[in-house]
Amino acid sequence: ISVELSAYQGAIGWQNPAGKVSDPTAMSYETADSQKEEFRKYLEKNGIISQLTRVLVGLYEEPERPKNAIDYIKKYLDAPTGVDVEEMRAENDQLKQTVAELEAKVAHLTQQLNEKLAEEQEG
C-alpha cells in the first residue's frame with residue numbers, strides 16, 4: 001500500500017520542502033502523537049495520573065464493588081456529589097459580571113473623588 005501511495009503522491013506532485021514525496025497521513029499521526037504526548041506530560045506533571053491510579057487501585061481493592069463507581073471516585077477524591085455543574089457555571093458567570101460592574105463603579109467613583117479633590121486644591 002505504501003508503494004501505491006508513494007506512486008500516487010508522486011503522480012500528483014505531493015512533495016515535502018526537501019523535494020521528497022511524503023506520506024500526508026504520517027504528518028497527521030505525528031501531530032496526533034505529539035499532542036497525546038504533550039497531554040500525557042501535562043497529566044503527569046499535575047499529579048493527575050498518580051491520583052487516578054490511586055483511585056482505581058482503591059476501587060480494585062474494595063471487598064465489595066460499590067453500586068455507583070462515579071460516586072465512589074468522587075468521594076475518594078473528596079469531590080462533592082449531587083452538584084449541578086451547569087448551575088454552578090451559570091452562577092459563576094453571573095458573579096463575574098457583578099464583579100466587573102462593581103469594578104467599573106469603583107473606577108468611576110474614584111475618578112469623581114479625584115476630580116473633587118483637584119477642585120478643592122485649586123480653590
Side-chain angles (χ1 to χ4, degrees):
I1 292 176
S2 64
V3 173
E4 293 172 1
L5 182 59
S6 295
Y8 173 73
Q9 290 171 338
I12 61 169
W14 182 273
Q15 296 183 341
N16 64 18
K20 297 181 180 178
V21 175
S22 62
D23 181 359
T25 58
M27 184 183 303
S28 64
Y29 287 133
E30 288 174 14
T31 303
D33 286 344
S34 65
Q35 288 175 342
K36 286 179 187 177
E37 181 62 20
E38 184 178 318
F39 186 66
R40 188 196 62 75
K41 286 179 182 178
Y42 163 78
L43 294 175
E44 190 173 321
K45 177 182 175 188
N46 289 289
I48 296 170
I49 291 175
S50 63
Q51 281 287 90
L52 289 175
T53 301
R54 197 181 93 215
V55 170
L56 294 174
V57 167
L59 182 59
Y60 176 78
E61 291 176 347
E62 277 293 315
E64 293 183 27
R65 299 286 183 247
K67 291 182 181 183
N68 189 333
I70 298 295
D71 283 344
Y72 172 86
I73 291 170
K74 287 179 180 179
K75 182 180 175 187
Y76 204 93
L77 293 174
D78 294 328
T81 57
V83 174
D84 184 357
V85 174
E86 290 304 317
E87 182 180 322
M88 290 180 76
R89 285 185 179 147
E91 181 182 3
N92 189 30
D93 290 342
Q94 177 61 40
L95 290 171
K96 285 179 181 179
Q97 182 179 352
T98 302
V99 167
E101 291 169 0
L102 290 172
E103 286 175 341
K105 189 172 186 177
V106 166
H108 177 71
L109 291 172
T110 301
Q111 181 183 355
Q112 284 182 337
L113 179 63
N114 288 337
E115 289 172 0
K116 291 284 186 187
L117 290 173
E119 287 176 10
E120 287 179 7
Q121 288 179 354
E122 289 176 1

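Note that the structure is predicted; figures quoted are calculated from it, not measured.
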Which pairs, with at least one residue in residues 51-74 and sequence neighbours excluded, count as a ring-ring contact (aromatic ring centres under 6.0 Å, His included)?
Tyr72-Tyr76

Could I get the full list of side chain to side chain donor-acceptor pair (under 3.5 Å) partners for [X], not counting sequence neighbours?
X      : answer
Gln112 : His108
Arg89  : Glu86
Asp78  : none

Applying side chain to side chain contact (heavy atoms under 4.5 Å, CB included), can you list everything that pairs with [X], at least two apart in sequence or on another chain?
X      : answer
Glu122 : none
Gln111 : Glu115
Val106 : Thr110
Gln94  : Gln97, Thr98

Which pairs, with at least one residue in residues 91-111 and sequence neighbours excluded, count as a salt bridge (Lys or Arg N to Asp or Glu O under 4.0 Å)?
none

If Ile, Leu, Val, Met, Phe, Trp and Tyr residues are connected whenever their side-chain heavy atoms lie under 4.5 Å apart, and connections chain through other members, are Phe39 and Leu52 in the same group?
yes

Hey, could you give me the OG1/CD1 distance between Thr53 and Ile48, rounded to the nearest 0.5 Å?
11.5 Å

Rounded distance [0.5 Å steps], CG in Asn68 versus NZ in Lys74:
8.0 Å

My understanding is that a hydrophobic cluster links ILVMFWY residues whose side chain heavy atoms are under 4.5 Å apart, including indirect links. Using that, what else belongs to the cluster containing Leu102?
none

All pairs passing side chain to side chain donor-acceptor pair (under 3.5 Å) where residues 38-50 contributes a residue, at least two apart
Glu37-Arg40, Arg40-Glu44

Carefully, step by step, assess Thr31 and Gln35 under the rule side-chain contact (heavy atoms from CB on, under 4.5 Å).
CA-CA 6 Å; Thr31 303; Gln35 288 175 342; 3.9 Å; yes

